[in-house]
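Lettering of chains follows the sequences in order, A, B, ..., and the numbering in each one begins at 1. All values reported here derive from a predicted model rather than from experimental measurement.
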There are 4 protein chains.
Amino acid sequence: MAHQHSASPSAPDAARRSERSRLAIYDAALALVAEVGYPKTTIEGIAARAGVGKQTIYRWWSSKADVLLEAFLDLGEQAARAAGQEPHAIPDTGDLAADLKQVLRATVDELHDPVFEAPSRALAAEGVVNEELGRRFVAQLLEPSLQLYVDRLRSARDAGDVRADVDPRIALELFVSPLAQRWLQYTGPITYDYTDTLVDYALYGLTPR
Amino acid sequence: MAHQHSASPSAPDAARRSERSRLAIYDAALALVAEVGYPKTTIEGIAARAGVGKQTIYRWWSSKADVLLEAFLDLGEQAARAAGQEPHAIPDTGDLAADLKQVLRATVDELHDPVFEAPSRALAAEGVVNEELGRRFVAQLLEPSLQLYVDRLRSARDAGDVRADVDPRIALELFVSPLAQRWLQYTGPITYDYTDTLVDYALYGLTPR
Amino acid sequence: MAHQHSASPSAPDAARRSERSRLAIYDAALALVAEVGYPKTTIEGIAARAGVGKQTIYRWWSSKADVLLEAFLDLGEQAARAAGQEPHAIPDTGDLAADLKQVLRATVDELHDPVFEAPSRALAAEGVVNEELGRRFVAQLLEPSLQLYVDRLRSARDAGDVRADVDPRIALELFVSPLAQRWLQYTGPITYDYTDTLVDYALYGLTPR
Amino acid sequence: MAHQHSASPSAPDAARRSERSRLAIYDAALALVAEVGYPKTTIEGIAARAGVGKQTIYRWWSSKADVLLEAFLDLGEQAARAAGQEPHAIPDTGDLAADLKQVLRATVDELHDPVFEAPSRALAAEGVVNEELGRRFVAQLLEPSLQLYVDRLRSARDAGDVRADVDPRIALELFVSPLAQRWLQYTGPITYDYTDTLVDYALYGLTPR
DNA sequence: TCGTAACCGAGACGGTACGTCAGGTCTTGCC
DNA sequence: GGCAAGACCTGACGTACCGTCTCGGTTACGA
C-alpha cells in the first residue's frame, strides 16, 4: 500500500518504519499546503513542522509531490473510515437525471471545501506537468470516483434510459469534465444551476428532438 | 496590451525598453521550457541564454510564469501574422456535426505538437495553482478560441440545428472540456475517434430518441 | 586644481563643467559618508542625493574615493577661507615643548570632531589598501600639515633647542605618529595627557640624563 | 579562542564543523587577497576556490574581514608552530639600543614580505573604518607583539637604562608608531637607517644633552 | 542478554537559484 | 556638448532549499 522503492539497492526496512513520523509528516504537509500554498511548502518545512529529520522524508518518498499525494490519499481514507462504510456510490432512484444532478451538486460543494481545495489543486497542477505523478493522481484518486458514474450509466443503459451504443466512460465526461475544467482553470462559475444544465444538455443533446 | 505595472511606484520607462532584449527573452524562455521543462527553467537561465541581465527580466516581469505567458502570447501572434489574415474561425458548411468534428481534429493535432505542448502545459499547471495567472491565461489564450465555438453554435441555433434554449457558452464545454481534461490530466487517450464521439454524444444526447 | 584625466581620449571640456553639480556632489558625498558610513556610500546614492546623473560623476572622477578626497579637500579649503587668512602655522613662543603640546592638543580636539572623522577615516582606510590614493591623500592633506612641524623644529634647531644633527622630518614622527596610530588603529586612548607625555618623551628621551 | 556566536539564536554546532572546510577557506582567502587584492576578494570567490558552499562561510563568519582575520591569525599560529617554541621575545643583551634596532630591522623585513603584506594591509584598512574589527585586530595581532617591547623596556628600566618615570606602553610608540605610519600611509621610506635613527632619537631625545 | 544494525532527529555540507543592489557604460532628450 | 535620467549587462550580495552525508540516540531483532 505504501510507496515501494522495491528493487532499489539497500531499500529501507518498512517493518521498522516509524508510524508516528509518517502521520506527523502527512499532517505537516497538508497543513503547510493549506497555510502557505504548495510552492512555498518545502521538504525542510515539512520536516521541521513534523519534528522529523529530513532524511526520514527522503528515505520514504521521492519528492514533495509524492508526500502530498500520499498524505491526501490518507486523508481520503480517514474521511471514508469516519463517514462509515459505503464509499458514496451514486444513488439509483430510477431517475437518472435527478441522480446525476444530486451527485454533481455534492461535488460542487466539495470543490468549494477549502480543506480539499489546496492539496488537490496542488496535486492536479503538479500532475499537469509531471506525467508520472499525473497518472498516479488519476489512477488513485480520480478514476475510482469516475468508475461510480460508469456503474450508474451502465445501470441506466440496462434500464433503457441510455442508448445501448453509448460508451459510459466517455459519456460521463460530458458532465464531469466541464465541471473539472471550470474548477481547474477558472473558466467559469461553479453552481448548482450549471451542473444541472450540464446533465440536461448531456442527456438530451443540443439538437432539437 | 503588454503587461502594465501601471500605478506602481517608480515604474520603468517603457519607451526606453530594449526590443532586442524583450524578444531574446521570449526566445530563451520558450526554448528552455521546451528543452529542460518548466520547473528546471530558471530566471537566471533565461537571462543567461538571452544574453541579458537578470534585472532586465525583473524590471519588466514579476515571475517566471509571467514571462512565459507573454512569450507564448507573442508566439501565437507571430504564428497568426505568419498564417496570414483570418485567425481560424470555425467553418460553417451547414453541417454542424461535421464542422465541429473537423475543428476538434485540428485541435487534437495541435495538442500533439511539441512546440505548443511544453509551454502551454506549464502555463496551465501554473494557472491551476495561481489564480491570478490562471485567469490571465484563460482570458488571453483560451477564451478567444472558445468564442469561436460560441459563434458557430449561435449560427447553428439560428439555422434551427440547435435548440433555442441552449446556452452556447455552456454547450461548447460538452465537447471541449472532455478533450481538455484528457490532455491536462492524462485521463484517457486523445484521438479523432474520441472527439468525433464527443460531438455525436453532445449533439444528440445520451438518451434514446 | 580639479582632477585631470589629462591625455585621455575625448577628455571632457572642463570649461563647460557645471559648478552647481560639482558642489552638490561634494555635499552629497560628505553627507552620506557621515550618515551611513563609507562602505554604504555609493556612487548611485551620491548622484541621487546630489540630483545629478551618474555619468556626471563618472565623467569627472574615477572612483568613490576620488570624489571623497576632492570633497574633503574642498571642505578644508572652505574652512580655511572661513577661518580667515593664516592656515594655522605652529606658534613659536620660544618654548618648543609648550608650542608642540598646544598644537597637539588642538589636533586631539580635531580628531574627536565627527565632521572630520568620518571622511578622513574613510580616506585613510582606502589609502592603506590603494597606494595611489594613499599617496595623494598624504601629499595633499597630511604632508602640508607635517611641514609646519618641520618648520617649527628647524626654528628650534636654529635656536639651539634641538640638536643640530636631528632630521626634523623624522623627529616630528616621534610625537605625531603615535597619535596617528592610536587614532587609526584604536591602539589606545587619545588625551591631552597622552600627547603632552609624547612631547616630553620625544624631546628629552627615554634614558636618564 | 575562535570566534563565538555565543548567545545567538540557533548557533551552529561547532562540534560538527568540518575542519577540512575551515582550512580550505583560510587558504583560499589568503591566496585571493594576495592575488587579486582585498576589494576584489569576494565571499563567492573564496567559497568557489575552497570548494565549499557559500553558506558554510556565512555559517561560521559574519563578514569577509572576519574570515581574513581568522585566516591570518591561523597563519601566524602555524608559522609560530613551525618556527619552534619561543615566539620571538626581544633579545636582552644589556645593550637596549642595539636590541631594539635589531628587532625593528626584523620588522622592516617582515613589512616587505609580500605574504604578510596583502592580508595585514587589508585588515588594517578594514580596522580603520570598522572599529569592532579594528579592536579585534589590535587585541589579537598587534598588542601581543607590543607587549614584548613593554617587557624589554621594563627590564631596561630595572637595569637603570630607562628613566623610572617612563611608561613603557607609551615609550614603545616612539619608535613603533612612526614605522607603522610610514607603512600604513606611505608617508616615507622604510629602511634600516630609518629605524636605527628612530631608536636613537627616542632613547636620547631631540634636545641637546 | 547482549551486541548490532536499522531507523530516527538533527543539522552541516556542497550546491543552485533566488531576488536585490550597485558598478560602470550607453542612449535619449533637454538646455 | 554637458547634463539628468535611467535602461542595460555584469557580478556579488546574503538567503532559502535542495538532496547527501554524518553524528549520537534509541529501538528491536538475532546470535
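In this structure, B:W61 atom CH2 and E:dG19 atom C1' are separated by 16 Å, rounded to whole Å. The interatomic distance linking C:K64 (NZ) with E:dA22 (P) rounds to 10 Å, in whole Å. Whole-Å rounding puts the C:I25 CD1 to F:dA4 C1' distance at 11 Å. Rounded to whole angstrom, the span from the CZ atom of D:R49 across to the C1' atom of F:dA12 amounts to 18 Å. Put simply, CD1 on A:I46 is 14 Å from P on E:dG9, counting in whole angstrom units. Straight-line distance from the CG atom of D:D13 to the P atom of E:dG9: 18 Å, rounded to whole Å. Put simply, CD1 on A:I57 is 12 Å from C1' on E:dG9, counting in whole angstrom units.
Toward the 5′ end of DNA chain F lies the nearest nucleotide of C:G53, the other residue of the pair C:E44 and C:G53 mapping further downstream. Residue whose closest nucleotide on DNA chain E sits further toward the 5' end, between D:R20 and A:S18: A:S18.
Put simply, CD on C:E70 and CD on C:E77 are 9.5 Å apart, with the number rounded to the nearest 0.5 Å.
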Could you run down the sub-3.5 Å N/O contacts of the protein with nucleotides 26-31 of chain E?
residue	atom	partner	partner atom	Å
E:dC26	N4	C:Q55	NE2	2.3
E:dT28	O2	B:R16	NH2	2.6

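OP1 or OP2 of F:dA4 has at least one side-chain nitrogen or oxygen of C:T56 nearer than 4.0 Å. Using a 4.0 Å cut-off, some side-chain N or O of B:S21 falls inside it from OP1 or OP2 of F:dC9. Residue A:W60 places at least one side-chain N or O under 4.0 Å from the OP1 or OP2 atom of E:dC8.
Each of F:dT15, E:dC7, F:dA4 was ranked by its minimum atom distance to the side chain of D:Y58; first place goes to F:dT15. In the set F:dC9, F:dG19, F:dC3, the nucleotide with an atom closest to the side chain of C:R17 is F:dC3. For C:R59, whose side chain is taken as the heavy atoms from C-beta onward, the closest listed nucleotide among F:dC3, E:dG23, E:dC8 is F:dC3.
Remark: B:R135 pairs with A:Y186, B:E131 by the side-chain contact (heavy atoms from CB on, under 4.5 Å) rule, at least two apart or across chains.
At a threshold of 4.0 angstrom between heavy atoms, the contacts of C:G45 with the nucleic acid are absent.
Of all the heavy atoms in A:K64 and A:P39, the pair that sits closest is NZ-O, 3.8 Å. The two residues B:L123 and B:A65 have their closest heavy-atom pair at CD2-O, 3.7 Å. Shown here for C:I43 and C:S63, the closest heavy-atom pair between the two residues is CD1-C, 4.4 Å. In this structure, A:T56 and A:I25 approach most closely via the heavy-atom pair CG2-CD1, 4.3 Å. Of all the heavy atoms in C:V129 and D:A125, the pair that sits closest is CG2-CB, 3.9 Å.
A salt bridge links A:R49 to A:E35: one of the charged nitrogens lies within less than 4.0 Å of a carboxylate oxygen.
The side-chain tip of D:R17 points at the ring of D:W60 from less than 6.0 angstrom away and within 45° of straight on.
At least one side-chain heavy atom of D:E126 sits less than 4.5 Å from a side-chain heavy atom of D:Y38.
Taking every heavy atom of residues 31-43 of chain B and every atom of DNA chain F, no pair lies under 4.0 Å.
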